[in-house]
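Read the structure below first, then the notes.
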Number of protein chains: 2
Amino acid sequence: MGTTEGLRRITMTPAARRVLEAAGRLFYERGIHVVGVDLIAAEARVTKKTIYDRYGGKEQIVVEYLADRDERWRAFLARYVDAAPPASAARILAVFDASRAWSAAYGPKGCSMVNAHAEISDPAHPAYPIITGQKQWMLALFTRLAGDVTSEGAGDLGRTLMLLHEGALVAQGLGVFADPIGQARRDAETLLAAAGAYP
Amino acid sequence: MGTTEGLRRITMTPAARRVLEAAGRLFYERGIHVVGVDLIAAEARVTKKTIYDRYGGKEQIVVEYLADRDERWRAFLARYVDAAPPASAARILAVFDASRAWSAAYGPKGCSMVNAHAEISDPAHPAYPIITGQKQWMLALFTRLAGDVTSEGAGDLGRTLMLLHEGALVAQGLGVFADPIGQARRDAETLLAAAGAYP
DNA sequence: CGCTCACTATACAGATCGGTATACTTTCCG
DNA sequence: CGGAAAGTATACCGATCTGTATAGTGAGCG
């Protein structure tokens with residue numbers, strides 16, 4: 001079901017897990033290119049040999065980092081969406097609730113996929129499909145959830161929700177104003193009311 | 001009026017201008033950390049000595065790059081906004097028209113400020129205020145333009161427009177769907193109609 | 001004329017980059 | 001018992017990074 005199938009071929013030994021944890025934190029907070037393998041090794045209390053035994057190269061660490069974030073975000077999100085009544089507007093609002101909770105828990109520097117895309121511009125990079133795949137998946141999710149509560153115009157509504165959501169993540173990362181995800185949530189609510197999603 | 005006053009102290013000789021042009025193109029297309037001074041020098045057909053004579057260091061090239069983009073974007077945008085009737089909803093829509101034209105002319109890889117923020121996380125970096133300053137300025141612009149066409153709720157409308165606009169730039173950069181800026185523009189139009197901005 | 005400024009050309013320094021090699025230890029498991 | 005797997009420690013490689021040093025060229029100008 002995931003788009004990350006053929007990419008993750010790492011034996012997740014305890015040391016490999018520490019590497020992924022340290023790399024994830026450093027990549028997200030400081031950026032990908034600026035974080036070296038030596039720093040990751042030191043932070044994970046692991047030798048470089050172990051890193052290269054498990055991952056083969058830095059590129060694969062990046063792939064694992066993004067695939068892991070993607071996987072965890074989808075699971076995190078599912079808990080919020082599934083908790084809301086089926087085919088309800090509340091299911092859409094739950095996405096914004098999940099984003100706010102995720103941001104509070106895992107760092108407010110915006111979306112890791114968007115940030116990674118700023119550094120990985122080459123579409124041939126093995127991590128590229130993970131980045132674009134998650135955004136495609138989010139758009140499909142919004143469109144599907146919108147289709148469950150409106151008789152027509154689900155595509156349009158889905159794209160608008162996508163824009164509000166992405167905009168909120170960026171505004172959150174740059175600290176443009178307070179609680180942008182809350183703002184986006186209220187905007188989505190208004191939008192859903194206008195679309196007749198509250199019967 | 002600009003937020004970039006105390007930062008630009010470069011004598012813009014012909015060679016320095018070629019450096020800024022080359023660095024701007026490379027930074028935007030490939031990223032900041034991944035582009036070295038040697039590459040910039042080669043691409044600008046300039047020796048490294050000239051670069052360090054004019055800019056002092058790579059950090060200042062980054063500052064000039066972002067300050068220049070910010071300056072040019074504001075001038076570009078002003079032409080679109082000022083061409084629309086004063087205190088009209090068309091002025092707001094003109095922002096989206098400007099973004100679409102800018103993206104078509106200067107590259108579709110999203111917002112250079114957002115991309116730079118992914119690589120420059122340290123708030124003490126001299127380029128940081130340029131990044132956040134532009135977003136603050138955009139929010140103030142949207143809020144001011146919104147205040148010109150609605151009697152109340154300009155702050156709220158301004159923030160919503162900001163989210164739509166930022167979301168559209170990100171979606172454009174990641175290629176989530178076709179013409180996201182056009183989508184955002186239509187959404188803004190609906191929003192403005194609901195707010196009674198068309199008398 | 002002679003000075004200054006902008007610039008070229010080239011070589012180099014010191015640090016850091018991703019990645020590899022060698023040798024050793026521990027743990028688990030058939 | 002014995003061997004494979006997972007790990008540590010350390011030293012190293014070539015390439016690349018930002019930044020500097022030295023020497024020389026050409027144009028503008030008082």
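Below, read A as the first sequence line, B as the second, and so on, with proteins coming before strands; counting in each chain starts at 1.
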> Can a salt bridge be assigned to the pair Asp179(B) and Arg100(B) using a cut-off of 4.0 Å between side-chain N and carboxylate O?
Replying inline: yes
>> On DNA chain C, does the nearest nucleotide to Val34(A) precede the nearest nucleotide to Ala16(B) from the 5' side, or the other way round? Give the residue.
In response: Ala16(B)
> Any ring-ring contact (aromatic ring centres under 6.0 Å, His included) pairs touching residues 160-195 of chain A, not counting sequence neighbours?
Replying inline: Phe96(A)-His165(A), Phe142(A)-His165(A)
> Does the pair Arg91(B)/Asp82(B) count as a salt bridge with the N-to-O cut at 4.0 Å?
Replying inline: yes
> Are Glu21(B) and Arg25(B) within salt-bridge range, i.e. N to O under 4.0 Å?
Replying inline: yes
>> Test of understanding: with side-chain contact (heavy atoms from CB on, under 4.5 Å), list the residues that count as partners of Val149(B), not counting sequence neighbours.
In response: Ile92(B), Leu192(B), Ala197(B)
> Say you draw a straight line from CG of Leu139(B) to CZ of Arg159(B); how long is it, rounded to the nearest 0.5 Å?
Replying inline: 7.5 Å
> Taking only residues two or more places apart in sequence or in another chain, which ones pass side-chain contact (heavy atoms from CB on, under 4.5 Å) with Thr50(B)?
Replying inline: Ala15(B), Val46(B), Thr47(B), Arg54(B)
> Rounded to the nearest Å, what distance is computed from the CE atom of residue Met12(B) to the P atom of nucleotide dA6(C)?
Replying inline: 13 Å
>> Distance under 4.0 Å to a non-hydrogen atom of chain A counts as contact; along DNA chain D, which nucleotides mark the start and end?
In response: dA6(D) to dA9(D)
> In whole angstrom, what separates Ile32(A)'s CD1 from dC17(C)'s P?
Replying inline: 16 Å
>> Tell me if a side-chain donor or acceptor on Arg17(A) pairs with a main-chain N or O of Met12(A) at a distance below 3.5 Å.
In response: yes
> What distance separates Met138(A) CE from Glu166(A) CD, expressed to the nearest 0.5 Å?
Replying inline: 7.0 Å
>> Rounded to whole Å, how long is the line connecting atom CG of Asp38(B) with atom C1' of dA11(C)?
In response: 13 Å
>> Counting only heavy atoms and a strict 4.0 angstrom limit, can you tell me which residues of residues 21-29 of chain A come near DNA chain C?
In response: none
>> Using heavy-atom distances to pick each residue's nearest nucleotide on DNA chain C, tell me which of Thr13(B) and Val37(A) is more 5'.
In response: Thr13(B)
> Atom CD1 of Ile131(B) and atom CD1 of Ile120(B): how far apart are they, to the nearest 0.5 Å?
Replying inline: 4.5 Å
> Where along residues 43-56 of chain B does a heavy atom fall under 4.0 Å from DNA chain C?
Replying inline: Arg45(B), Val46(B), Thr47(B), Lys49(B), Thr50(B), Arg54(B)
